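Here's the structure, in structure tokens; my notes come after.
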Amino acid sequence: MIIIPESAIAELVTPSDCLKAVEEVFASMANKSAYNFPVIREAIGHADALYGFKSGFDRKSLTLGLKSGGFWPNNASKGLTNHQSTVFLFNADTGKCRAVVGGNLLTALRTAAASAISIKYLARKDAKVLGMIGAGHQSTFQLRAALQQRQFEKVVAWNFHPEMLCRLEQVANDEGLPFEAVDLDHLGAESDVIISITSSFAPVLKATQVRPGTHLACMGTDTKGKQEVEAELVGIAKVFTDDIAQAVTIGECQHAVERGIITKDTIIEIGAVIGGANHGRSSADEITLFDGTGIALQDLAVASVAVDLALAKGVAIEIDF
């Protein structure tokens, strides 16, 4: 069995590696050669933690496995990342455990890759202002990945705790872009693309705050009850997602579906756009929304990349198991 510790991931896997792997997974899902199994995600009644499993199988690449982990909100005070996860890969021919891979950084990278792919395929080509809602651990990964997809000229941001926005300001400054902390009304009025990456259980952004032509990447809702934007906003947008089954049960779409504002049949898999079966954005004035629920196949794909790179570079830890 191969072990790739968390400490080794940063030297092995790049954001571009993750973008390529996640894009291929979305396309494979659209071709029905890869699928995710139902997600288990529950509050465990200890440490205020959410814990669960995501698993799946890609028949094309023979990638089989699961990610186990969740969200421990008190970890920051212990010097640890709130999101903790580990990926387990199995040999599809025998069922033997092939590898155990540290999943914390990979989760941040693959989540950022997913939203970046949505911007690549759905945002207007002339998008200039990027709006960020949320300034937690994953926000800087989101911002860096997004800035590679369009010629953005400015970054505006809002967070529940404004003092945390400095981390986004630093990224913007590193990229030579002006940065401004704003309220949500100004963020919606200025932004051509909005990324939300929070752990909110109540809508933050309203439909009336978003202007025509905006692309939204809603990346924080991955659990029953979570919500980042009004259901009415989902209702006026052309909606895309990584996985329709997850979108309507644990994603941002769950609330709009429950209220009958949209139906499952109106949601489009992003893989259909990548593969050319769907044209994506229909007009410059259309609001597009990507419901990024976070799927097992993303985790398995980037973990497989980490294993392949570790083997190629001779840094993989191999043990009898």
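Bear in mind the structure is a predicted one, so any value in this text is a computation, not a measurement.
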Legend entry - Shortest non-hydrogen separation from Ala127 to Val193 and the atoms involved: CB-CG2, 4.0 Å
Legend entry - Under 3.5 Å donor-acceptor, Glu24 side chain and Ala21 backbone: no
Legend entry - Donor-acceptor under 3.5 Å (Gln254 side chain, Ile250 main chain): yes
Legend entry - Least distance between heavy atoms, Gly235 atom then Ile261 atom: CA-CG2, 3.5 Å
Legend entry - Arg110 (side chain) donor-acceptor with Ala301 (main chain) under 3.5 angstrom: no
Inset, instruction - Identify whether the distance between the nearest side-chain nitrogen and carboxylate oxygen of Asp126 and Arg124 falls below 4.0 Å. - result: yes
Legend entry - Backbone N/O of Val229 and side chain of Gln227: donor-acceptor pair under 3.5 Å: yes
Inset, instruction - Check whether the ring centres of Phe90 and Phe88 lie less than 6.0 Å apart, and answer yes or no. - result: no
Inset, instruction - For residues Val239 and Cys253, report the shortest heavy-atom separation together with the two atoms involved. - result: CG1-SG, 3.5 Å
Legend entry - Any donor-acceptor N/O pair, Gln298 side chain to Ile295 backbone, under 3.5 Å: yes
Inset, instruction - Dump the intermediate steps for side chain to side chain donor-acceptor pair (under 3.5 Å) on Thr14 and Asp17, then the final yes or no. - result: CA-CA 5 Å; Thr14 67; Asp17 291 329; 3.0 Å; yes
Legend entry - Closest heavy-atom pair and its distance - Ile317, Pro5: CD1-CD, 4.0 Å
Legend entry - Donor-acceptor side-chain pairing of Asn75 and Asn82 below 3.5 angstrom: no
Legend entry - Side-chain (Arg281) to main-chain (Ser283) donor-acceptor, under 3.5 angstrom: yes
Inset, instruction - Identify whether Ile197 and Val234 are in the same connected component of the hydrophobic contact network (ILVMFWY, side-chain heavy atoms under 4.5 Å). - result: no
Legend entry - Working for side chain to side chain donor-acceptor pair (under 3.5 Å), residues Asp242 and Gln246: CA-CA 8 Å; Asp242 45 16; Gln246 287 189 194; 5.1 Å; no
Legend entry - Verify same cluster id: Phe53, Val101 (apolar side-chain graph, 4.5 Å): no
Inset, instruction - Identify the heavy atoms of Asn104 and Ser85 that sit nearest to each other, and give their distance. - result: OD1-N, 2.7 Å
Legend entry - Same cluster (ILVMFWY, side-chain, under 4.5 Å), Ile262 and Phe290: no
Inset, instruction - State, without any angle test, whether Tyr121 and Glu23 hold a side-chain donor-acceptor pair at a distance under 3.5 Å. - result: yes
Legend entry - Distance-only side-chain donor-acceptor flag, Lys54 / Ser68, under 3.5 Å: no
Inset, instruction - Answer with yes or no whether the side chains of Thr288 and His215 bring together a donor and an acceptor at under 3.5 Å. - result: yes
Legend entry - Glu163 atom CD, over 12 foreign heavy atoms within 6.0 Å: yes
Legend entry - Worked check of side-chain contact (heavy atoms from CB on, under 4.5 Å) between Val204 and Phe160: CA-CA 10 Å; Val204 176; Phe160 287 106; 3.5 Å; yes
Legend entry - Short side-chain donor-acceptor distance under 3.5 Å, Asn31 and Ser28: no
Inset, instruction - Report the distance from atom CD1 of Ile40 to atom CG of Leu66, rounding to the nearest 0.5 Å. - result: 10.0 Å
Inset, instruction - Could you tell me the separation between the CZ atom of Phe71 and the NE2 atom of His137, rounded to the nearest 0.5 Å? - result: 11.0 Å
Legend entry - Rounded distance [0.5 Å steps], CG in Leu122 versus CG in Asn278: 8.5 Å
Inset, instruction - Kindly say whether Met164 contributes a backbone atom to a donor-acceptor pair with the side chain of Asn159 at under 3.5 angstrom? - result: no
Inset, instruction - Find out whether Asp299 and Leu106 are in side-chain contact, i.e. whether some heavy atom of one side chain is under 4.5 Å from a heavy atom of the other. - result: no
Inset, instruction - Give a yes or no on whether the backbone of Val210 and the side-chain of Thr214 come within a donor-acceptor separation of less than 3.5 Å. - result: no
Legend entry - Residue pair Asp192, Arg150: steps toward the salt bridge (Lys or Arg N to Asp or Glu O under 4.0 Å) verdict: CA-CA 11 Å; Asp192 301 304; Arg150 291 291 186 272; over 6 Å; no
Inset, instruction - For the residue pair Thr223 and Arg41, confirm or rule out a side-chain donor-acceptor distance under 3.5 Å. - result: yes
Legend entry - hydrophobic_cluster_shared for Val156 and Leu165, side chain cutoff 4.5 Å: no
Legend entry - Carboxylate-amine/guanidinium proximity below 4.0 Å for Glu190 and Lys128: no
Inset, instruction - Check the pair Asp291, Lys226 against salt bridge (Lys or Arg N to Asp or Glu O under 4.0 Å), reporting the backbone distance first and the verdict last. - result: CA-CA 12 Å; Asp291 185 356; Lys226 278 188 175 183; over 6 Å; no
Legend entry - Nearest non-hydrogen partners of Thr241 and Ala247, listed with the distance: OG1-CB, 3.4 Å
Legend entry - Residue pair Glu258, Lys224: steps toward the salt bridge (Lys or Arg N to Asp or Glu O under 4.0 Å) verdict: CA-CA 12 Å; Glu258 286 171 359; Lys224 184 71 174 176; 2.5 Å; yes
Inset, instruction - Considering only NZ, NE, NH1 and NH2 on the basic side and carboxylate oxygens on the acidic side, decide whether Arg167 and Asp174 come within less than 4.0 Å. - result: no
Inset, instruction - Taking Ser191 for its side chain and Ile194 for its backbone only, find out whether a donor-acceptor pair lies under 3.5 Å. - result: no
Inset, instruction - Indicate whether any N or O donor in one side chain lies under 3.5 Å from an N or O acceptor in the other, for Thr198 and Glu228. - result: yes
Inset, instruction - Could you tell me the separation between the CD1 atom of Ile319 and the CD1 atom of Ile2, rounded to the nearest 0.5 Å? - result: 10.5 Å
Inset, instruction - Nearest 0.5 Å please: distance from the CZ atom of Phe57 over to the OG atom of Ser33. - result: 9.5 Å
Inset, instruction - Answer yes or no: is there a donor N or O on one side and an acceptor on the other, between the side chain of Gln142 and the main chain of Thr111, under 3.5 Å? - result: yes
Legend entry - Check: Lys238/Ser282 side-chain N/O donor and acceptor closer than 3.5 Å: yes
Inset, instruction - Determine, using the 4.5 Å side-chain heavy-atom cutoff (strictly less than), whether Val257 and Ile244 are members of one ILVMFWY cluster. - result: yes
Legend entry - Rounded distance (nearest 0.5 Å) linking atom CD1 of Ile3 with atom CZ of Phe321: 9.0 Å
